[in-house]
Engineer: 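Let me give you the structure first, and then I'll get to my questions.
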Amino acid sequence: MRISVDLEDPISYMLIWLILGIVFLAAAIFLQIYFRKKFGDKLKRPKKIKIKKPKPKTLQEIRSSYMSKLGNIEAQLRGGRISIRQAYQDMSSCIRGFIFEATGIPVEKYTLSEIRQVNIPALTQLVEEYYEPEFARFTYADVNKSLYKTRKVLELWH
């Protein structure tokens with residue numbers, strides 16, 4: 001028995017799908033490049049940080065709490081219960097916690113470069129000063145001077 005229908009080769013009808021696939025891939029690449037150029041700058045902009053100002057009474061309570069913590073660090077250091085390295089780590093934690101409670105900016109999780117971007121010069125200077133003694137095995141840093149500077153930042157914060 002003869003069949004009047006001729007079958008087509010598989011390649012002859014699959015070529016259109018290959019061409020459509022290439023066209024869609026090229027369009028996706030083009031759109032990706034276009035949107036990255038157009039909106040790339042907007043995606044890279046840092047978010048604006050909102051600084052909250054606590055009420056004066058609340059700020060005074062926060063300040064006295066952290067002054068107490070700083071006094072505790074100093075007492076432990078003088079008593080030999082903690083090392084200079086640990087004192088610097090505790091001072092860093094203390095000032096970062098204070099700034100967080102006073103402003104709402106979570107600086108306790110920030111690296112030094114992120115702290116620089118926040119643009120709080122007093123905090124940046126203290127954290128820069130703490131870095132070497134915090135991470136070095138041995139240091140010649142003056143811990144008393146650092147305690148004094150930290151205390152001054154706490155006292156003068158407004």
Engineer: For Y110 and I105, run side-chain contact (heavy atoms from CB on, under 4.5 Å): C-alpha distance rounded to whole Å, both residues' side-chain angles, the deciding distance at 0.1 Å, then the answer.
Structural biologist: CA-CA 10 Å; Y110 286 8; I105 303 170; 3.9 Å; yes

Engineer: To the nearest 0.5 Å, what is the distance between CD on Q32 and NZ on K37?
Structural biologist: 12.5 Å

Engineer: Can you name the side chain to side chain contact (heavy atoms under 4.5 Å, CB included) partners of F35, sequence neighbours left out?
Structural biologist: L31, F39

Engineer: Taking salt bridge (Lys or Arg N to Asp or Glu O under 4.0 Å) as the test, write out the residues that go with E132, two or more places apart.
Structural biologist: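 Listed in chain order: nothing, the list is empty.
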
Engineer: I need the full list of salt bridge (charged side-chain N to carboxylate O under 4.0 Å, His left out) pairs touching residues 62-79, with sequence neighbours left out, sorted by first then second residue.
Structural biologist: E74-R78, E74-R151

Engineer: Quick one: CG on D90 to CD1 on I82, what's the gap to the nearest 0.5 Å?
Structural biologist: 5.0 Å

Engineer: Could you report the tightest heavy-atom contact between A87 and I73, atom names first, then the distance?
Structural biologist: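 Nearest heavy atoms, A87 then I73: O-CG2, 4.0 Å.
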
Engineer: How long is the span from the CD1 atom in I99 to the CD1 atom in I62, to the nearest 0.5 Å?
Structural biologist: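 Interatomic distance, I99 CD1 to I62 CD1, rounded to 0.5 Å: 10.5 Å.
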
Engineer: Could you name each residue pair satisfying salt bridge (charged side-chain N to carboxylate O under 4.0 Å, His left out) that touches residues 140-149, not counting sequence neighbours?
Structural biologist: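 Found E129-K149.
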
Engineer: Check for me, please, whether F135 and L112 land in the same ILVMFWY cluster - side-chain distances under 4.5 Å, paths through other members count.
Structural biologist: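 Yes.
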
Engineer: Could you tell me which residues satisfy side chain to side chain contact (heavy atoms under 4.5 Å, CB included) with S92, sequence neighbours excluded, listed by chain and number?
Structural biologist: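 R96, Y130, E134.
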
Engineer: Ignoring hydrogens and angles, tell me if any N or O in the side chain of S93 forms a donor-acceptor pair with the backbone of Q89 under 3.5 Å.
Structural biologist: no

Engineer: Would you give the length of the straight line joining atom CG of L147 to atom OH of Y88, rounded to the nearest 0.5 angstrom?
Structural biologist: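 Answer rounded to 0.5 Å: 7.5 Å.
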
Engineer: How close do L59 and F98 get, heavy atom to heavy atom, and via which atoms?
Structural biologist: CD1-CZ, 4.3 Å

Engineer: Quick one: are I120 and I115 in side-chain contact, heavy atoms under 4.5 Å?
Structural biologist: no

Engineer: Once rounded to the nearest 0.5 Å, what's the spacing between atom CG of L154 and atom OG of S65?
Structural biologist: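 Those atoms lie 10.0 Å apart.
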
Engineer: Flag yes if more than 12 heavy atoms outside Y131 fall under 6.0 Å of its OH atom; otherwise flag no.
Structural biologist: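 Atom OH in Y131 is packed in, count exceeds 12.
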
Engineer: With sequence neighbours left out, write down each residue that passes side chain to side chain contact (heavy atoms under 4.5 Å, CB included) with L18, or none if nothing qualifies.
Structural biologist: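 Residues passing side chain to side chain contact (heavy atoms under 4.5 Å, CB included) with L18: L15, I22.
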
Engineer: Looking at K109 and E114, is any side-chain nitrogen of the basic one under 4.0 Å from a carboxylate oxygen of the acidic one?
Structural biologist: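 Between K109 and E114 there is no salt bridge, as every charged N stays at least 4.0 Å from the carboxylate O atoms.
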
Engineer: For a 4.5 angstrom cut-off between non-hydrogen side-chain atoms, does L123 reach V118?
Structural biologist: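 Of all side-chain heavy-atom pairs linking V118 with L123, none is under 4.5 Å.
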
Engineer: With sequence neighbours left out, what residues match F100 under side chain to side chain contact (heavy atoms under 4.5 Å, CB included)?
Structural biologist: P106, E108

Engineer: Can you list the other members of the hydrophobic cluster that holds Y140, where links are side-chain heavy atoms under 4.5 angstrom apart?
Structural biologist: none

Engineer: Suppose clustering is done on Ile, Leu, Val, Met, Phe, Trp and Tyr with side-chain heavy atoms closer than 4.5 Å. Which residues sit in the same group as L25?
Structural biologist: I29, I33

Engineer: With a 4.5 Å cut-off on side-chain heavy-atom distances among I, L, V, M, F, W and Y, is there a chain of contacts connecting I95 to L156?
Structural biologist: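 Per the 4.5 Å side-chain linkage, I95 and L156 are not co-clustered.
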
Engineer: Taking only residues two or more places apart in sequence or in another chain, which ones pass side chain to side chain donor-acceptor pair (under 3.5 Å) with Q125?
Structural biologist: none

Engineer: Stepwise, does the side-chain contact (heavy atoms from CB on, under 4.5 Å) test hold for W157 with T103?
Structural biologist: CA-CA 11 Å; W157 188 266; T103 65; 3.6 Å; yes

